[in-house]
There are 2 protein chains.
Amino acid sequence: MAELIKKYKRLLSQNNYKLTPQRNDILKVLIENKETHFSADRLYKEVQKINPDIGLATIYRNLEIFSELNIVHKLEFESDYKHYELVDMDKEHHHHLICLNCNKILEFSDEDLEKFEKRLEKEYSFLTIDHHIKFYGYCNECHINSQEG
Amino acid sequence: MAELIKKYKRLLSQNNYKLTPQRNDILKVLIENKETHFSADRLYKEVQKINPDIGLATIYRNLEIFSELNIVHKLEFESDYKHYELVDMDKEHHHHLICLNCNKILEFSDEDLEKFEKRLEKEYSFLTIDHHIKFYGYCNECHINSQEG
DNA sequence: AATAATTTAGAAATAATTACTATTAAATAT
DNA sequence: ATATTTAATAGTAATTATTTCTAAATTATT
Ligand SMILES: [Mn+2]
Ligand SMILES: [Mn+2]
Ligand SMILES: [Zn+2]
Ligand SMILES: [Zn+2]
């Protein structure tokens, strides 16, 4: 945790940003909730617990910066707000399966998609920078429980 | 065109919706611009050309209905508004390559992704209903033109 | 300590979408 | 055909996530 924060501090200052107390607090909450896909508002409320004076605009401003620096991923699910998750360096690049019933989010990594991406690049001479892949459907529990006979 | 409209009319009435003049005009514009990924507002302006009295709320209301009936696809690119495109029955299910420079949208069909999807379903016991796949990057022209030596 | 540059909190503005309301059009029954 | 019921519309108001603005506070620099 401490080392991780130092890493982020270095990354920030390399890009002429400072590690302010507010940024520190936001990062702390993100690190302690690696698995969570936060809305700006839920993150705001969580950070308020350790820093009651933080402003919502500060959350948005810094999520934007963190997103540029690839510290967080900005996710666009089919809701009317964005979600944010810490980029976990120990974990592979991953994508999401979103349950339409219970809203649970499963993750899968995409080694197979890499190949697909490579082929696409050739076929369309398209230089890929990023990709967003989402599957909507029903998770194990939800489609099992709906088979009530 | 005429037959296509009849098809939509049938589909609408099967779901207790009527083919109103407004719906007819919206569909007409969508059919005449198959390739276009409309914002609600651009569609509004286009429909106004043949029906100056149409209201923007009517556009939104019906895009929602058309989306339910799978007449249009609602697309969420990384912009702050949604895009809509007519579902072309003659074309395979497709996905998008979005150029970050010129905003051009290329399309690709996904027969290979089908296999991937099948495997995912098994691996996660996840029942897929829909999937959204987007690649962001630079199109042929844009990355060629940036190689100025 | 003085100066300059960043960053913040909080309020105000923005803008896409949705909800509301009174009116009109269409379908059905009489 | 006329009355009655229902669905759909235009136009406006409300909603809400996100952005922008501004004055004050913090941080870095001299
Ligand atoms: Mn995730
Ligand atoms: Mn398309
Ligand atoms: Zn579920
Ligand atoms: Zn391009």
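Numbered from 1 within each chain, the chains take letters A, B, ... in sequence-line order. All figures in this text were calculated on a predicted structure; none of them were measured in a lab.
Taking the ring centroids of A:His131 and A:His93, they lie under the 6.0 Å cut-off. Centroid-to-centroid, the aromatic rings of A:His95 and A:Phe135 stay 6.0 Å apart or farther.
The aromatic rings of A:His83 and A:Phe77 are tilted relative to each other, their planes meeting at an angle between 30° and 60°.
Rounding to whole angstrom units, CD1 of residue A:Ile59 and P of D:dA17 are separated by 15 Å. The separation between B:Asn16 atom CG and D:dT6 atom P is 13 Å, rounded to whole Å. Put simply, CZ on B:Arg23 is 12 Å from P on C:dA26, counting in whole angstrom units. One atom, CD of A:Gln22, and another, P of D:dA25, lie 14 Å apart when rounded to the nearest Å. Rounded to whole angstrom, the span from the OH atom of A:Tyr60 across to the P atom of D:dT18 amounts to 4 Å. Between A:Glu76 atom CD and D:dT18 atom C1' there is a gap of 12 Å when expressed in whole angstrom units. In this structure, B:Tyr81 places its OH atom 16 Å from C1' of D:dT18, rounding to the nearest Å. Atom CG in A:Leu12 sits roughly 21 Å away from atom P in C:dA5 (whole-Å rounding).
Across all strands shown, D:dT30 forms a Watson-Crick or G-U wobble pair, both distances under 3.5 Å, with C:dA1.
Within the structure, every side-chain polar atom (N or O) of A:Asn62 is placed at least 4.0 Å from both OP1 and OP2 of C:dT7. Distances shown here put every side-chain N or O of B:Arg61 at or beyond 4.0 Å from the OP1 or OP2 atom of C:dT18.
Of the two residues contacting DNA chain C, namely B:Pro21 and A:Tyr44, the nearest-nucleotide position lying further toward the 5' end is that of A:Tyr44.
Partner of A:His37 under the side chain to side chain donor-acceptor pair (under 3.5 Å) criterion, chosen from A:Arg42, A:Glu107, A:His73, A:Lys82: A:Glu107. Of the residues A:Ile31, A:Asn33, A:Thr36, the one that meets the side chain to side chain contact (heavy atoms under 4.5 Å, CB included) test with A:Leu86 is A:Ile31.
For the salt bridge (charged side-chain N to carboxylate O under 4.0 Å, His left out) condition, the pairs that include at least one residue of residues 67-76 of chain B, sequence neighbours left out, are B:Glu64-B:Lys74.
For A:Thr20, the side-chain atoms get nearest to C:dT8 when compared with the rest of C:dG10, C:dT8, D:dA10. In the set C:dG10, D:dT12, D:dA8, D:dA8 carries the atom at the smallest distance from any side-chain atom of B:Tyr17. Which of D:dA10, C:dT8, D:dT18 sits closest to the side chain of B:Thr58 comes down to D:dA10. With distances taken from any side-chain atom of A:Ala57 to the nucleotides C:dG10, C:dT8, D:dT18, the minimum falls on C:dG10. Between D:dA17, C:dT7, C:dA26, one nucleotide has an atom nearer to the side chain of B:Lys18 than all others, and that is C:dA26.
Listed by residue number, the members of residues 46-56 of chain B with any heavy atom below 4.0 angstrom from DNA chain D are B:Asp53, B:Ile54, B:Gly55.
Residue A:Lys6 places its NZ atom among 12 or fewer non-hydrogen atoms of other residues, nucleotides or ligands, all under 6.0 Å distant.
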